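Each chain gets a letter, A, B and so on, in the order its sequence line appears, and its residues count up from 1. This structure is a prediction, so every number in the text was calculated from the model and none was measured.
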2 protein chains.
Amino acid sequence: MEATLEQAVSILRRNQLKITKQRHALLDYLVTYQDHYVAISAVDEHMRTLFAGMSHNTIYRNIKEFETLGLLEVKSADNQTLVKYQCDFEHQHHHHFVCSNCGRVIELQACPLDAYEAQLPGCTITGHRMEIYGLCDQCTAKGVQAN
Amino acid sequence: MEATLEQAVSILRRNQLKITKQRHALLDYLVTYQDHYVAISAVDEHMRTLFAGMSHNTIYRNIKEFETLGLLEVKSADNQTLVKYQCDFEHQHHHHFVCSNCGRVIELQACPLDAYEAQLPGCTITGHRMEIYGLCDQCTAKGVQAN
DNA sequence: CACTAAATCATAATCATTACTATTTAGTTT
DNA sequence: AAACTAAATAGTAATGATTATGATTTAGTG
């Protein structure tokens with residue numbers, strides 16, 4: 001399901017965020033890349049060609065705000081932060097296949113690994129990585145709060 | 001299985017890398033953190049207290065060399081690069097549980113997700129992420145080489 | 001139209017990482 | 001054991017992503 005710019009804007013509105021022309025253009029850009037991770041620095045560069053003199057701060061801050069709204073998925077890779085617009089607002093459990101050539105992201109539905117291959121016809125799988133996050137037994141026993 | 005400093009040194013030797021006192025100390029440090037990811041910048045800081053005036057370059061370059069030897073596992077997170085000594089030289093397929101409080105890493109053996117929980121008694125699971133890498137169908141069809 | 005909190009701009013700082021070149025050193029050879 | 005040489009390191013500075021700060025502007029409201 002593709003998300004539209006209007007949906008994104010209404011989510012800002014629903015959260016009492018002002019619809020500035022900068023935010024509007026930023027969303028417009030992000031929405032067109034729903035199936036690719038984009039480096040924040042590339043977004044930054046693009047926005048500053050659209051709005052000469054736009055502040056780095058504005059771009060980075062808005063991206064962070066969009067992330068807390070659940071509009072964006074963020075991941076770190078290779079000294080850069082990558083973002084991808086996500087329409088899955090219910091944070092439904094799923095994983096990604098990421099093309100190491102063009103960066104295209106294909107969403108996967110099931111969880112056990114073997115089943116994934118069937119969802120990727122024609123693709124070449126070269127590797128995968130999974131990490132589970134939480135508190136280890138020692139930290140859990142200490143009563144540390146999960147964040 | 002814990003790896004020893006001697007094993008690490010012999011791997012350098014086997015690859016015709018010189019055993020400098022800097023590399024020796026670096027390995028010594030990394031080997032003591034086999035079950036934690038450590039930020040390279042923290043390694044850098046530590047090494048420079050051991051060797052006043054040690055070059056950033058030296059630390060970063062050696063860590064990269066150790067990675068290509070398969071001695072280290074590297075991942076990006078939050079504008080930092082994290083490393084972990086790994087004894088698994090055959091690159092045996094496995095995943096990690098990472099404590100979000102202390103950073104401790106617990107190696108997991110099986111793959112389907114549900115089975116993992118049984119391997120983490122006493123732990124609090126707050127989330128997980130998996131990504132499969134490769135070439136998408138379009139890039140595969142184009143004949144792009146996997147890297 | 002005025003108001004005000006929120007957002008942005010402009011500038012500079014910070015932090016991780018990398019580049020570059022002169023100097024040093026590990027491991028080998030004589 | 002001294003000499004040799006490629007490899008490694010030191011020292012210095014640059015780069016690039018991201019964040020901080022304080023003054024100015026603006027979206028949304030009354």
- request: Give a yes or no on whether the backbone of Glu131(A) and the side-chain of Arg129(B) come within a donor-acceptor separation of less than 3.5 Å.
  value: no

- prompt: Given atom CD of Gln16(A) and atom P of dG28(D), what is their separation to the nearest angstrom?
  reply: 12 Å

task: Tell me which nucleotide among dG27(C), dA10(D), dT9(D) gets nearest to the side chain of Ile19(B).
output: dG27(C)

- prompt: For Phe51(B) and dT25(C), what is the distance between atoms CZ and C1' respectively, to the nearest whole Å?
  reply: 13 Å

message: Between P on dA27(D) and CZ on Arg23(A), what's the gap in Å once rounded to a whole number?
response: 11 Å

- prompt: What integer distance in Å separates His24(B):NE2 from dT25(C):C1'?
  reply: 16 Å

message: Nearest whole Å is fine: how far is dA6(C) P from Leu12(A) CG?
response: 15 Å

task: Heavy atoms under 4.0 Å is the rule here; annotate nucleotides 12-23 of chain C 5' to 3' with B where the base is hit, S where only the sugar-phosphate is, and - elsewhere.
output: ----SSBBB---

- prompt: More than 12 non-hydrogen atoms from neighbouring residues, nucleotides or ligands closer than 6.0 Å to CZ on Phe51(A), yes or no?
  reply: yes

message: Could you tell me how far apart Met47(A) (CE) and dT18(D) (P) are, to the nearest whole angstrom?
response: 16 Å

field: Side-chain ion pair, Lys75(B) and Glu73(B), N-O less than 4.0 Å
entry: no

message: Between Thr58(A) and Arg48(A), which residue's closest nucleotide on DNA chain C lies nearer the 5′ terminus?
response: Thr58(A)

query: Would you find a donor on one side and an acceptor on the other, under 3.5 Å apart, between the side chain of Asn15(B) and the backbone of Ile11(B)?
result: yes

- prompt: Under 4.0 Å between a side-chain N/O of Arg61(A) and OP1 or OP2 of dA7(C), yes or no?
  reply: no

message: Is the ring pair Tyr29(A)/His46(A) parallel, tilted or perpendicular, if the boundaries are 30 and 60 degrees?
response: parallel

task: Evaluate the criterion side chain to side chain donor-acceptor pair (under 3.5 Å) for residue pair Thr140(A) and Thr124(B); output intermediate values, then yes/no.
output: CA-CA 6 Å; Thr140(A) 299; Thr124(B) 307; 2.9 Å; yes

task: Round to a whole Å and report the spacing from CE of Met54(B) to C1' of dA8(D).
output: 10 Å

query: Just to confirm, is there a sub-4.0 Å distance from OP1 or OP2 of dC9(C) to any side-chain nitrogen or oxygen of Gln22(A)?
result: yes

message: Centre-to-centre under 6.0 Å for His128(B) and Tyr133(A), is that the case here?
response: no

- request: Write down the distance between CZ (Arg14(B)) and P (dG27(C)), rounded to a whole number of angstrom.
  value: 16 Å

message: With a cut-off of less than 4.0 Å, is there a side-chain N or O of Thr20(A) near OP1 or OP2 of dT26(D)?
response: no

